[in-house]
Chemist: 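Below you'll find the structure I mean.
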There are 2 protein chains.
Amino acid sequence: MAIPRAAQTQRRTRIQEEKQERILEAALDVFSARGFRGSTLDQIAEAAGMSKPNVLYYFRTKEAMHRQLIDRVLFTWLDPLKAFDADGKPESEIRSYIRRKLEMSRDFPRESRLFANEILQGAPHIEDELKGPLKELVDEKAQVIRAWAKAGKIAKCDPYHLIFSIWSTTQHYADFDVQVRAVLGHNLSGAGRFEDAARFLEDLFLRGLGIPKT
Amino acid sequence: MAIPRAAQTQRRTRIQEEKQERILEAALDVFSARGFRGSTLDQIAEAAGMSKPNVLYYFRTKEAMHRQLIDRVLFTWLDPLKAFDADGKPESEIRSYIRRKLEMSRDFPRESRLFANEILQGAPHIEDELKGPLKELVDEKAQVIRAWAKAGKIAKCDPYHLIFSIWSTTQHYADFDVQVRAVLGHNLSGAGRFEDAARFLEDLFLRGLGIPKT
DNA sequence: GATAATTTTGACCGGTTGGTAAAACATGAC
DNA sequence: GTCATGTTTTACCAACCGGTCAAAATTATC
């Protein structure tokens, strides 16, 4: 009997894991491009190269897929901020944080858009995670920044809004990619775009925080 | 006979205009919160306080409503950038541009989210407007900024990425409102939020562009 | 108040949605 | 081979989708 759906079993075989991964990959494609409600199981199934009931064999509901994707992204998203080191030099810490976030926009634009879609629509599934783990981490790092300001290492500024501005400027290149491309035109939107953005943002934030370039 | 649908008639009566406005208001609510594909006519009709066929009497299709909303937003969105004056002082021009964009995020968050939703999902309806009018306007203002840099009035920087960073930082407070609120907590997300953000962003950009505070 | 134009509604339609049932199919252990 | 387990597919469902239609209700005109 078909009691043990793949999604329920504790031990997952190699095949199950591969198929689930293939489905999640397809779901990420679809969800990030069309939003949760705008996506259909048929689209995901087709993108994964299997039938709809087969997809539902591995994930009991559409929401289960989405939930798992969101959980992953949330975890990945916090990573660069965790690396933010209180004992490091402000210049290198901020510079590498910007760069890492920008790299994520370049390398994982679908994940960024999935997250943006979720937040835009009121974050119905992850409000708790935002108010819990995310807030705690940001609070912690805000203290670090505040300490730097007090020590005169960087200009006085609101640490929360600093973090927001780094988030928004870097994610902009993934979430608003279409607009960026349209404005820059094809000649400027290619390979050099990433380096241009990185240089600009590093200059803006370091100078904006009163950190002299070394 | 019911030949003259309200949407088609050239001269619109007072009542027709009022109803259409009421529908657009409701549609903005729904579209901005759930995206185009995630919204249903029933939701819009209910929000507008009328029956679905009645809504369709004033707008022939769901897309017609959305299109009109997008067109409006697009026009409104370009306004602050148009006001950017080549003959003004860089300090006051940039400062007031930031402030105006921030005010729009505060006063028209639904419009911002509608626009963000559209871009996020690949801007299927407005690619031409982005590549046309928007790009032209940005190109023009980029020249102004570049001239300021050449004249030594502001630090050398890529004008396009400067504009992107102002867009993203200011719109962040509308589009990612849920996240901002979650991180700041209720105590900090109230009335003072706007002024805090304005002060931070003005400091960041003016200092980042090497413009001394007056 | 009769009449014509406009507005509103309830009933309805074909297509699509997320999800199910059950049987067919594959796979591996013995 | 056979039998239990795990996988895939076909056929299907009720609910919902955007949109139509014709009749009813309202409003404007005289």
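Labels below follow one simple rule: chain letters A, B, ... track the order of the sequence lines, proteins then strands, and each chain is numbered from 1. The shown structure was predicted, so the numbers you read here are calculated from the model rather than taken from an experiment.
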Chemist: Show the atom names and distances, to 0.1 Å, of all donor-acceptor pairs under 3.5 Å that link a side chain in residues 137-145 of chain B to residues at least two apart or in another chain.
Modeler:
unit_1	atom_1	unit_2	atom_2	d
D139(B)	OD1	Y160(B)	OH	2.5
D139(B)	OD2	K135(B)	NZ	3.1
K141(B)	NZ	K82(B)	O	3.4
K141(B)	NZ	F84(B)	O	2.7

Chemist: Among all residues two or more places apart in sequence or in another chain, which pass the side-chain contact (heavy atoms from CB on, under 4.5 Å) test with E63(B)?
Modeler: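 Counting only residues at least two positions away or on another chain, E63(B) forms a side-chain contact (heavy atoms from CB on, under 4.5 Å) with F36(B), T61(B), H125(B).
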Chemist: Return the value, rounded to whole Å, for the distance between atom CG of N54(B) and atom C1' of dG10(C).
Modeler: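 Atom-to-atom, N54(B) to dG10(C), this comes out as 13 Å.
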Chemist: When the distance from CE of M65(B) to C1' of dG19(D) is rounded to whole Å, what number comes out?
Modeler: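 So the CE-C1' distance, M65(B) to dG19(D), works out to 11 Å.
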Chemist: Measure NZ/K19(A) against P/dG6(D) and give the value in whole Å, please.
Modeler: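 Between P of dG6(D) and NZ of K19(A): 15 Å.
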Chemist: What I'd like to find out is whether the side chain of E93(A) reaches to under 4.5 Å of the side chain of Y97(A), using heavy atoms alone.
Modeler: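 E93(A) does not reach Y97(A) side chain to side chain.
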Chemist: Dump every N/O contact between nucleotides 11-18 of chain D and the protein below 3.5 Å, one line per pair.
Modeler:
unit_1	atom_1	unit_2	atom_2	d
dG18(D)	OP1	S39(B)	O	3.1
dG18(D)	OP1	K62(B)	NZ	3.0
dG18(D)	OP2	L41(B)	N	2.9
dG18(D)	N7	K52(B)	NZ	3.1

Chemist: Tell me the interatomic distance from E63(B), atom CD, to dG19(D), atom P, rounded to whole angstroms.
Modeler: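 Interatomic distance, CD of E63(B) to P of dG19(D): 8 Å.
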Chemist: Should the pair F176(B) and F115(A) be assigned to parallel (<30°), tilted (30 to 60°) or perpendicular (>60°) ring geometry?
Modeler: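 If you compare the ring of F176(B) with that of F115(A), the planes turn out tilted.
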Chemist: Find the distance R67(A):CZ to dG18(C):P and express it as a whole number of Å.
Modeler: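 Taking atom P of dG18(C) as the reference, CZ of R67(A) is at 19 Å.
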Chemist: Round to the nearest Å and state the distance from Y57(B) atom OH to dT9(C) atom P.
Modeler: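 In whole Å, dT9(C) P lies 13 Å from Y57(B) OH.
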Chemist: Check D85(B) against W148(B) and note the closest heavy-atom contact, atom names and distance.
Modeler: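 For D85(B) and W148(B), the tightest heavy-atom pair comes out as O-CZ2, 3.7 Å.
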Chemist: Verify whether the ring centers belonging to F59(B) and H66(B) lie closer than 6.0 Å.
Modeler: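 Between F59(B) and H66(B), the centre distance exceeds or equals 6.0 Å.
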